[in-house]
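See below for the structure under consideration.
Proteins come first, then strands; the chains are lettered A, B, ... in the order of their sequence lines, and each starts at number 1. Since this is a predicted model, take the numbers as computed values, not measurements.
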Number of protein chains: 2
Amino acid sequence: MRLVSWNVNGLRAAIRKGIDGWIETIGADVLMLQETRVLEEQLPKDWSWPQGHAVHLHPAEKKGYSGVATLSTLEQDVLPGFAWGEDATDIEGRVLVTRHGELVCVNTYLPNGGGGPERQAYKERWMDAWRAWLAPWLEADHPVVVVGDLNIAHTEDDIWNPKGNAKTSGFLPQERAWFTKLLGDGWVDSFRHVKGEGEKIYSWWSNRGNARADDKGWRIDYLLCNPAAAKRIVAVDIIRQAGLEVSDHAPCILDLSD
Amino acid sequence: MRLVSWNVNGLRAAIRKGIDGWIETIGADVLMLQETRVLEEQLPKDWSWPQGHAVHLHPAEKKGYSGVATLSTLEQDVLPGFAWGEDATDIEGRVLVTRHGELVCVNTYLPNGGGGPERQAYKERWMDAWRAWLAPWLEADHPVVVVGDLNIAHTEDDIWNPKGNAKTSGFLPQERAWFTKLLGDGWVDSFRHVKGEGEKIYSWWSNRGNARADDKGWRIDYLLCNPAAAKRIVAVDIIRQAGLEVSDHAPCILDLSD
DNA sequence: CATGAGAAG
DNA sequence: CTTCTCATG
């Protein structure tokens, strides 16, 4: 069973660049998209989702901003999402929980803190609330995967230039410490679990300069497993081949045994 | 002596599309541009104005909006511009007056009324003030040309579909009547003067549909002459050749004898 | 440096 | 339909 996380940086732009073909090629059973930046009715009229996929969009209230979507060739029910003290309705369209038989998928787009101190503070409050909200899923005896663009690179292996980014949102000491606590809770970073330490493979590259060609990237897209899911990990991958520049993020793959 | 009026619909976009080559080809002695939508410092650093041209930019205060510019291979002095009751500083960058020896050029970008009743009312107040401000130049014994995008098609010969546009800003009865009064003041529409009635040649086409390919256009760009200039009219033209789609307006030419 | 909105034409 | 700005990433 193949689970995929992909920040598409605007689904409409991704459609123009031919995301359809890549969706077929990747062959996900559950495909979780972030930064869709679109409402259902804004999708091109002459376009339709790849055949055989159940689709659920969870947009932000603000047009052209944030939003997640989950597609699946399996049966798919939507479960209640993330509500917390400051936002009971997930107004920014950041978390979508789906169930596919016994598998539960938590599709997440964690706030970006690069917009200034206010957004960084919001990000950190959001992180704490989300981590607490997530905890009950750890104990499930069925597989639960927590997937998405978490906007944090965890260790020095997860970023091209750790020294130069120690003061950049996404690699701040308190964000990295939070990530360590998240894994301490019991969530397994499937990519690092399979690849081990030292493998510097990235999932996002800035659009500025030649970052992608020079592989000056960050790994900020994750597929985390609860213990029940971790037992089933078969393979992981981040697809970085040329021609896949549909988004500034690469699709991240986790294969689980049935 | 060749005078040219050209609404470039964004000078930066026009530069990307190769306006430089066309400027050389056209060979104006005085080239008057409208809708430059740019400040001097926003021009590409690796770009420079065609050699041998004196240049004066008159931008709007609001970025990316309106603005006129005059280029000349002749000597060029800037004269006081258009000040009126509602706007003593020409905040929208619409009128630039230059002197080239005995020739005076009034480069004008008349407000567009398509933005709603408020803008239409502003346009009409502007028109009246501008027409009055212009009148003293009629009596000059040296040539004065009033040039630019006047955002009005005068007669049924100046628009592809007069019936369908009787309620469209730019072809409203009161705008056409105003234009008749302007010519009644003594200004000579050089294009119509040379071509005579019945010639339906346009200078602007909407970007919607296939308006340009189908020649569904309007003539809203003019070179008006005071009597001293009218005596010297040699030729007029509107260059509409393929490949010149640098802007949605065509360059309009007036040749005067020296 | 790219996305999308929105104002303006 | 295109221009440009602005917010956001």
If you measure only the distance, is there a donor-acceptor pair under 3.5 Å linking the side chains of B:Trp204 and B:Asp248?
yes
Going by the side chain to side chain donor-acceptor pair (under 3.5 Å) test, name the single residue among A:Thr155, A:Asp157, A:Asp189 that passes it with A:Arg219.
A:Asp189
Taking for each residue the nucleotide of DNA chain C bearing the nearest heavy atom, is the 5' side occupied by B:Pro111 or by A:Asn9?
A:Asn9
Between A:Tyr65 and C:dA5, does any side-chain N or O lie under 4.0 Å from OP1 or OP2?
no
Does the side chain of A:Arg12 get closer than 4.0 angstrom to OP1 or OP2 of C:dA5 through an N or O atom?
yes
In whole angstroms, the gap separating P of C:dG9 from CG of B:Leu110 amounts to 12 Å
So for A:Arg208 and D:dG9, does any side-chain atom that can act as donor or acceptor lie under 3.5 Å from a complementary atom in the base?
yes
A:Lys17 side chain: which of C:dG9, C:dT3, C:dA8 is closest?
C:dT3
Kindly state whether the ring of B:Phe179 and the ring of B:Phe171 have centres lying under 6.0 angstrom apart.
no
Figure out the CD/P separation between A:Glu245 and C:dC1, and round it to whole Å.
16 Å
What is the nucleic acid contact for A:Gly115, judged by heavy atoms within less than 4.0 Å: base, sugar-phosphate only, or nothing?
nothing
For atom CG of A:Asn112 and atom P of C:dA2, their distance in whole Å:
18 Å
Gap between atoms CD and C1', on A:Glu118 and D:dA7 respectively (whole Å)
14 Å
Do we see a donor-acceptor contact under 3.5 Å between the side chains of A:Ser169 and A:Gln120?
yes
The side-chain contact (heavy atoms from CB on, under 4.5 Å) partners of B:Arg37 (sequence neighbours excluded) come to B:Asn9, B:Glu35
Tell me: CG of A:Asn207 to P of C:dG4, nearest whole Å?
12 Å
With a cut-off of less than 4.0 Å, is there a side-chain N or O of B:Arg16 near OP1 or OP2 of D:dC4?
yes
Value in whole Å for how far the P atom of D:dA7 lies from CZ of A:Arg37:
15 Å
So, is A:Gln42 near the phosphate of C:dG4, with a side-chain N or O under 4.0 Å from OP1 or OP2?
no
Please tell me which of the listed nucleotides, D:dT5, C:dA8, D:dT3, lies nearest to the side chain of B:Lys62?
C:dA8
Over how many whole Å does the gap from A:Leu43 atom CG to C:dT3 atom P extend?
16 Å
Nucleotide D:dG9, atom P - distance to CD of A:Gln34 in whole Å:
14 Å
Among C:dA8, D:dG9, C:dA5, which nucleotide sits nearest the side chain of A:Lys63?
C:dA5
